[in-house]
Number of protein chains: 4
Amino acid sequence: MPIVGVEEIRKQQLIDAALASIAELGLQKTTIMTISQRAGMSSGIISHYFGGKQGLIEAALRHLLDKLGRAFLEKIQQTDGSPAARILCIIEANFTEFQRSELAARTWLSFWARSMHEPGLKRLQQINNARLCSNLRYAFAQSMSRDKAQDAARQTAAMIDGFWLRSALSSDPDENFAAGESLCKTFALSLLTH
Amino acid sequence: MPIVGVEEIRKQQLIDAALASIAELGLQKTTIMTISQRAGMSSGIISHYFGGKQGLIEAALRHLLDKLGRAFLEKIQQTDGSPAARILCIIEANFTEFQRSELAARTWLSFWARSMHEPGLKRLQQINNARLCSNLRYAFAQSMSRDKAQDAARQTAAMIDGFWLRSALSSDPDENFAAGESLCKTFALSLLTH
Amino acid sequence: MPIVGVEEIRKQQLIDAALASIAELGLQKTTIMTISQRAGMSSGIISHYFGGKQGLIEAALRHLLDKLGRAFLEKIQQTDGSPAARILCIIEANFTEFQRSELAARTWLSFWARSMHEPGLKRLQQINNARLCSNLRYAFAQSMSRDKAQDAARQTAAMIDGFWLRSALSSDPDENFAAGESLCKTFALSLLTH
Amino acid sequence: MPIVGVEEIRKQQLIDAALASIAELGLQKTTIMTISQRAGMSSGIISHYFGGKQGLIEAALRHLLDKLGRAFLEKIQQTDGSPAARILCIIEANFTEFQRSELAARTWLSFWARSMHEPGLKRLQQINNARLCSNLRYAFAQSMSRDKAQDAARQTAAMIDGFWLRSALSSDPDENFAAGESLCKTFALSLLTH
DNA sequence: AATGAATGAGTCTTCATTCAT
DNA sequence: AATGAATGAAGACTCATTCAT
């Protein structure tokens, strides 16, 4: 059993602290002080382990995407593998309690906005976006042609993200998230049965 | 004798410069210097006319939303008024050349992210979001019950925004915008005919 | 009858506006905008007539000292000319309603502080200070030797200014001003009768 | 290993530099640059240790009042405790070489003027003012009734401050301070013996 | 390995002055 | 005579980075 280095522990603690700060204050008001305080460490440690604030931010996003991806994989393996079950599972994974939280809204919107000006972040987002579409395409393809599955996946992915975005920006996120999840499911199932 | 209208002219010039800076540098890296330089004026003029940077940013967003709203109204009045025509027009208005530009992507994402932390911006966004849904609902309601029209409008609005967002973040925006617009239209028309 | 020039009228209006602004906002927060707005004129007029903000401030102080001096002269000429009456009149002139106001406190303290760094203002203050002492000395000299009158005048002047200052800075100015005026009178009269 | 006490040392250095700047330039022309330059440090350090310029200014005033208070306590404990000795000591403490300096004049007048607009400073001044009166009252009360001691203390305190103020603003401070101290003593002793 | 003291460039804001009309 | 639009220097504050210990 390899001894986990102190370095890895520290890095993870800092990533957690960074996400906590972004969730609470937003990316713009997150400073190395708000992060290092939450981690109970000194401010210098961030440059020491991540080369700078930007390095930590990217690592945090990478970690968040990884975590959500793994959580999704676990969930989908508990389904019966039918297209409908897989698709419903995918949709639900995008409307979990975390995804509905204001914390998630602040975090994703912050990362998206910043990714328009930082290729490193942008690539991470693109991989995540492609994954959603790919998962949906795989499920749809069990019931229809490859081309139709591709279109169905794109439409469903767009509707999921669109509902998420509009809900996050709305004045009543709760109602909007709930209705959005339901309407996404209705739409996806109607695609499957036609 | 003071020249009348100077204030409005200057304000407009500053708004244009602010949007140019946001499009080029992003909201975060937009400073009063990047704005005033683009406007060919001094930095002090921004506080003079808008009370501060924040006032200018909000005015710029308001202007942008107004402009898009007016452009949409002009367009829709040139249709034959049929539900299908109205809906296609609404979709097209969300995929114009401007909306497909990287400038638009940076601008909207910047505003969205910031609006999570500034109520003033958030309210403007919400009005805009409500408008899209309301326009769609009105068109759908001519062909179906009020409740079904509401769901159809929500789904279509989500798909439009979702495609726009995924395209903006993708590595090949052009292809994605084109496919997105087409798939949105297909979906909306299928809702109308069922 | 000479036609009073527009210049004199404008200058007086600006001086009144400057004093109003200082009384309301304090000297530090008084700007050419707060003055010119109160005067209903443009900001440029101040440089036009007084060469700059500093010129107006000095003119305002000069005017205030003049006005208080004239008011005092009028008052003292209504006394019976006896030493006691003159002295009581002098003391009362330093505890009028205006002198007890927060406006007066702000104005005098502002001018004093600034006069430590601006010889122009300092000279005006010194003339005013000398006048108080001189008036008291003249009154006392009717009842005692020149030397004793000089000391009595200095002590009385100091007590007047000291009570004024301590009252202005206190948390209950009203009570302090009242007690101060009374104790000054008691002291001055005791000097006269010994 | 962090050097202990660095914070206190730096704070003191900055307070000294602030007082030096106020003495030289006045409070109004004292900026974070004039302070940090005199301290041989960077401008950012002020916000780091005092939260901002205002925090440093208040700390400087507090320090000055403390220092004068302690110096006075030391002095008074060297007297024989008789009322006359105590009172003379109190008067002398208000006319020390420091109090006669132009530095002291600029500093006190700056603080007084500013305290009219900043409750934090005002409270500090009031405590100091109350202390002078209280010390005098205690000394007088050993020779007369409580009420008479109260009046005597107020009159003496006013005369002390009044002489100080008039001397500070005069064109010949030295002569005025000397005469003022002498006349204050004469007055206070006459109160004691009547 | 880890600290946190210190820096100083960058930001927004204020405001007296200028000057064309 | 009077305006007020425009300037830009100067102010306080923020914060990522550095580095001696």
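Lettering follows sequence order; numbering is per chain, from 1.
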Take atom [atom1] of [X] and atom [atom2] of [N], then tell me their distance rounded to the nearest Å.
| X | N | atom1 | atom2 | value |
| --- | --- | --- | --- | --- |
| D:Met33 | E:dT7 | CE | C1' | 12 Å |
| B:Glu7 | F:dG4 | CD | P | 12 Å |
| A:Gln54 | F:dT17 | CD | C1' | 14 Å |
| A:Ile9 | E:dA1 | CD1 | C1' | 13 Å |
| A:Ile32 | E:dA5 | CD1 | C1' | 12 Å |
| B:Gln12 | F:dA5 | CD | P | 18 Å |
| A:Ile57 | F:dA16 | CD1 | C1' | 12 Å |
| A:Leu14 | E:dT3 | CG | C1' | 13 Å |

Worksheet item: Atom CG in B:Asn128, atom CG in A:Leu169: separation rounded to 0.5 Å?
Response: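 Between atom CG of B:Asn128 and atom CG of A:Leu169 there are 10.5 Å.
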Fill in: D:Arg70 side, atom CZ; D:Leu68 side, atom CG - distance, nearest 0.5 Å
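Separation between the atoms: 9.5 Å.
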Worksheet item: Are C:Arg10 and F:dA1 close enough that a side-chain N or O sits under 4.0 Å from OP1 or OP2?
Response: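 The answer is no; no side-chain N or O of C:Arg10 sits under 4.0 Å from OP1 or OP2.
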Are the side chains of [X] and [Y] in touch, meaning some heavy atoms are under 4.5 Å apart?
| X | Y | value |
| --- | --- | --- |
| A:His63 | A:Leu19 | yes |
| C:Lys11 | C:Leu56 | no |
| C:Glu8 | C:Gln12 | no |
| A:Leu61 | A:Trp108 | yes |
| A:Phe50 | A:Ile45 | no |
| A:Arg106 | A:Glu24 | no |
| B:His48 | B:Arg10 | no |

Item to complete: On DNA chain E, check which nucleotide each of B:Lys29 and C:Gln28 is closest to and give me the residue with the more 5' one.
Response: B:Lys29
Discussion item. For DNA chain E, report each stem as range with range, ordered by first number, or say none. Use Watson-Crick or G-U wobble pairs under 3.5 Å, at least 3 in a row.
Written reply: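 So far as stems of 3 or more pairs are concerned, DNA chain E shows E:2-21 with F:2-21.
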Worksheet item: Of the nucleotides F:dA2, E:dC15, F:dT17, which has the atom closest to the C:Thr31 side chain?
Response: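 Nearest nucleotide to the side chain: E:dC15.
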Worksheet item: In residues 38-51 of chain C, which ones come under 4.0 Å of DNA chain F, going by heavy atoms?
Response: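 Nucleic-acid contacts, sorted: C:Met41, C:Ser42, C:Ser43, C:Gly44, C:Ile45, C:His48, C:Tyr49.
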Discussion item. With nearest nucleotide decided by heavy atoms, which residue, A:Thr30 or D:Lys53, maps closer to the 5′ end of DNA chain F?
Written reply: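 Nearest-nucleotide comparison on DNA chain F picks D:Lys53.
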